[in-house]
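Here is the structure we will look at.
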Amino acid sequence: MTSAIPAKTTTASSTEPGPRLSRDDKGTKTRKAPKQYSDRVRAERRLGWILAGPAFIIMLLVTLYPILQAIYESLFKFRLTAPGEREFIGLGNYAVILSDPVWWSGLWTTVFITVVTVLVELVLGFALALVMHKALKSVRGLLRTAILVPYGIITVVSAFAWFYAFDINSGYINSWFAWLPGIDENLNWFAQGGTALFVIMASEIWKTTPFISLLLLAGLAQVPDELTEAAKVDGATWWEQMRKVIIPNMKAAIMVAVLFRALDAFRIFDNVFIMTNGAYGTEVLSLLAYRQSISRLEIGLGSAVSVLLFLCVLLICFVAIKLFKVDLAGSQGGK
Amino acid sequence: MPISRRTRSVVNSRRKAAVVAGMMMGTLVMSGCGPAQSDNALTWYINPDAGGQAAIAQKCSEESGGRYTIETSLLPSDAASQREQLARRLAAGDSSLDIMSLDPPFIPELAEPGFLAPVPDDVAQSTTENVVEGALAGATWKDELVTVPFWANTQIMWYRKSVAEAAGLDMSKPVTWDQIMEAARTQDKSLGVQGAQAESMTVWVNALVESAGGSIIVDPEATADTIELGLDSDAGKAAADVISTIGKDGLGGAGLPTQDENGSLIAFQGDSGSFMVNYPFVWPATTAAVEAGTLDQAVLDDIGWGVFPRMSEDQESAPPLGGINLGVGAESDNPELAYEAVQCIVSVENQSEYFVTNGNPPSNTEAYEDPRIEESFPMAETIRDSLQVAAPRPQTPFYNEVSTGIQQTWAPPSAVDPENTPETSSNFITSVLRGEQLL
C-alpha cells in the first residue's frame, strides 16, 4: 500500500495542469503522421524516452516477470510443502476455480464493493472538490490538508481503527448511535455479511474519497472561467451550469478518477483481512488468492486465482478505455 | 567449523568451471558474515509472549559459557501467520531458522517434507521424560519425535461461583455441557465460548468431538486423496448439537459469532459472565486487571475453575491441547548446537520459571512441583490434570485445510445444524483436499 501512494500522487498531478496539456493536443495529432515531425518535436520525444526509459524498463522487469511466472505456475498442481509432487495439469486449476461457487460469490462481493464505493466516493469527492475549489484563499491550504488526512493514513491502521470502533466488545458506535432504529448494544456488526460489508465499505470510502476529490479538483481547475461566466450571464442556474458546462468539461478527469478508483477498489484486501478475514460472506477475490497461495501454500491454484484477478482488472481497463473512451493521456474535454 | 562446511558445500555443488566463483562466494560469506554474526550465534524464532522466551534465551546463552548465543526473532501474533512465515522460510531453505517455536498442529506439515532437522537420540531421551502424553503426541510425526515439547496449553472451565450457586450446580464434580447450557439459560447469563470463524473454532469443535469419543480425522497419516474424516458420526452430531444450541438459543451472547479467547474473557469479566472454556492466561490477565484498578476484586474472588465440561455424565472430557514445541530447521548451519540450546531451554527449571512469569504451563509434570507455581496459579493442579487427558487437534500435513474447512462450515454457531453440518463440512474438506474446490 505505501508504494502505491506515491504512484497515485504522480498520476494525480499529471492530470492537473490543464492548459499545458491542451497545448500537447497538437503533438498528439502530429504523432499519427510521422513525416511531419519537426526537429524540435523529435528532440523532445528523444528526451522523453531518455527520461522515462529507465523507469519504464525497471517497471517491466518488476511487473512483467512476476506476471509471467504466475501464469506459468498456474498451470501446475504445486504445493510449497510438497515440492516433489509438482505436476503439470494445464488449465485444470482454472477449471476448478471457475466451477466453484466460492469464486463466483467472491467475484460478486468484489464487484458490489467496487460499484458502491466508487459511486459514493464520486459524489462525495465531487462535493469536496467543489468546496476546495470555491474555498477562500485564506482557508484553502488548511481545508485541503484536513480533507487529505484520511488518505495519508495507512490502510491497515485505518482498518483497525474502524474495526475497534464497531467491535461489539470495545466499540463505541453502538452506544453513540443507539438512537437509530436497528442499532443497539447487542448489534454485532461483523457477525453477518450485510453489516460487515457496510463497515468495510464505509472505511474504504472514508479513506479514499480524498484521492478522488483531488483528481476531480484538478478537473475543476481545467474548466475555463469564461465558460461558467458566460453561462451565468445567459441566466443559467447553478444546476444548469453544473450539468451543461462544468461536468462535460471535466469528463476526462471524472473518468480517470473512476477508472483508478475502480481498479483500486477491485483489489480491496486490507480492510476485509483485518475486519472479518473473509468470514460471513465478505470474501473478496484478493483474499481468496491470498488464502490459496499464502495460507494453503498451493502455489498453482493461488497463481491461477491471481491470474484471473489480473484478467478482471484488465477487463475493467478495457471497458473504461474502449467503451467509455477514457483518455489516459489527459486531453481536455474528453470529446 | 560451520564456515568450512559451508565453503565445502559450495565447492561440491558446483561444476569445476564454477569452482573459482564458488570460492569467491565462500570468501564473501566468510568476510561478510564474520564480524556481524559470530559462528555460534543461534536464531530462535519465538511467538510473542511477555518476554519469557527472550529471558530464557539470555539465561541459556550465559550458562553455555560462550558455546553459543541465542538471539530471538519475533514471529507474528497469531498461530496461522506464524505458520505462514515459517513454512515459507523453510521451503525457501532459510538457514537462519536454527530454533523455532512451533504450534503443534502445524508440525506434521513441516516434518513431512523434511523441513525439520532430526532430533538426536540423546536429546529425544532427555527431553521427553515426564512429559504429558498429549504434548508428546503433538511433538511426534509418524512415530518419530520431530520436535521437543516446551510448554503445553489446555483449556479449563472457568466459572462465576455466584452463578453456579444460583443455578444449584455441584461444582465439586465434573459438569456437562447440558448442565452449563441449562444454567446459563435459567440465570439469563452468557456462556464464554469461541464462536468466531477462526482457529479457536477448530479447537472447540475438536474438543467436543474428542470428548464425545470421536475424532475429526480417522487416519491422520493418510495422503490428501485418501484422507477420511470422522466428523459425520454420532460424535460429530453431538458436537454440532451443543454448538448449534448455544448459537440458536443465544446462550453465547451477541458477540458470539466474532468471539475469540480474548473476547470471551472480556464478556466473562462482565455482568453476563457465567461459565467459560478458556486457557490459563485468564488468571494473570484478570489479576492484572484488578491490580490496575480496571476490575473489581469481587469479580476475581467470584471466579472458580474445573476441568473442561463433559459431553455425557459418564465419559471423561478431552480438553483442547495447545502449547509450543521447539523445532530445528533442516537447513540450520548449527543443528547440533541448536539442539544443545533446546535442551537448556526446555529444562524443568526454565519451564517452571516460564509458567510463573508468563503464565504458560509446563509440558513436564516435574516442573509443577516448584512451590512458586501453586502461589501464582492456584489452579495449577487442575491444569496439570487437564493436560493429562487433553486431546491434540488432528495431526496431519493438511491441517490448515482441515481447520479452515471447519471454520468456514461451523461458524457462525447459530447456522450449525446437527443433521447437516457434520456431513457438509466433511464433504467440503474432502473435496478441497482432492483439489476439486477452493478454500
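Letters A, B, ... mirror the listed sequences (proteins, then strands); counts begin at 1. Quick note: numbers below take in every heavy atom, side chains included, and nothing from hydrogens, waters or symmetry partners.
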Please find the pair of heavy atoms, one from B:Asp103 and one from B:Ala79, that lie closest to each other, and give the distance.
OD2-CB, 3.2 Å
What are the two closest non-hydrogen atoms of A:Ala304 and A:Asn93, and how far apart are they?
CB-CB, 3.7 Å
Mark yes when over 12 heavy atoms from residues, nucleotides or ligands other than [X] sit less than 6.0 Å from its [atom1]; otherwise mark no.
{"X": "B:Asp225", "atom1": "CG", "result": "yes"}
{"X": "B:Glu221", "atom1": "CD", "result": "yes"}
{"X": "B:Glu144", "atom1": "CD", "result": "no"}
{"X": "A:Tyr65", "atom1": "OH", "result": "no"}

Would you call B:Glu331 and B:Arg89 a salt bridge, taking side-chain N to carboxylate O under 4.0 Å as the test?
no
What I want to find out is whether A:Lys77 reaches A:Glu85 closely enough, with some N-O distance under 4.0 Å, to be called a salt bridge.
no
Counting heavy-atom pairs under 4.5 Å to chain B, which of [options] comes out on top?
{"options": "A:Ala191, A:Pro101, A:Ala279, A:Ser295", "result": "A:Ser295"}
{"options": "A:Val305, A:Asn169, A:Asp100, A:Val96", "result": "A:Asp100"}
{"options": "A:Asn188, A:Ile168, A:Thr276", "result": "A:Asn188"}

Heavy-atom contact with chain A under 4.5 Å, split by part of B:Glu401
side chain
Given a strict heavy-atom distance threshold of 4.5 Å, which part of B:Glu112 is in contact with chain A: side chain, backbone, both, or neither?
neither
To the nearest 0.5 angstrom, please state how far the OG atom of B:Ser101 sits from the CG atom of B:Leu74.
10.0 Å
Output the distance between atom CD1 (B:Ile227) and atom CG (B:Leu433), rounded to the nearest 0.5 Å.
5.5 Å
Assess the pair A:Phe190 and A:Tyr280: is the distance between their ring centroids shorter than 6.0 Å?
no
Under 4.5 Å from any heavy atom of chain B - which part of [X]:
{"X": "A:Arg296", "value": "both"}
{"X": "A:Asn186", "value": "both"}
{"X": "A:Leu288", "value": "side chain"}
{"X": "A:Leu301", "value": "side chain"}
{"X": "A:Glu298", "value": "side chain"}
{"X": "A:Glu185", "value": "neither"}

Pull out the residues in residues 188-203 of chain B that come under 4.5 Å of chain A, heavy atom to heavy atom, sorted by number.
B:Gly195, B:Ala196, B:Gln197
Heavy-atom pair count under 4.5 Å with chain A, highest-scoring of B:Thr258, B:Asn400, B:Leu438:
B:Leu438
Do you know which of B:Gly435, B:Gly263, B:Ala411 has the most heavy-atom pairs with chain A at a distance under 4.5 angstrom?
B:Ala411
Fit a plane to each ring of A:Phe211 and A:Tyr151, take the angle between them on a 0 to 90° scale, and name the class: parallel (under 30°), tilted (30 to 60°) or perpendicular (over 60°).
parallel
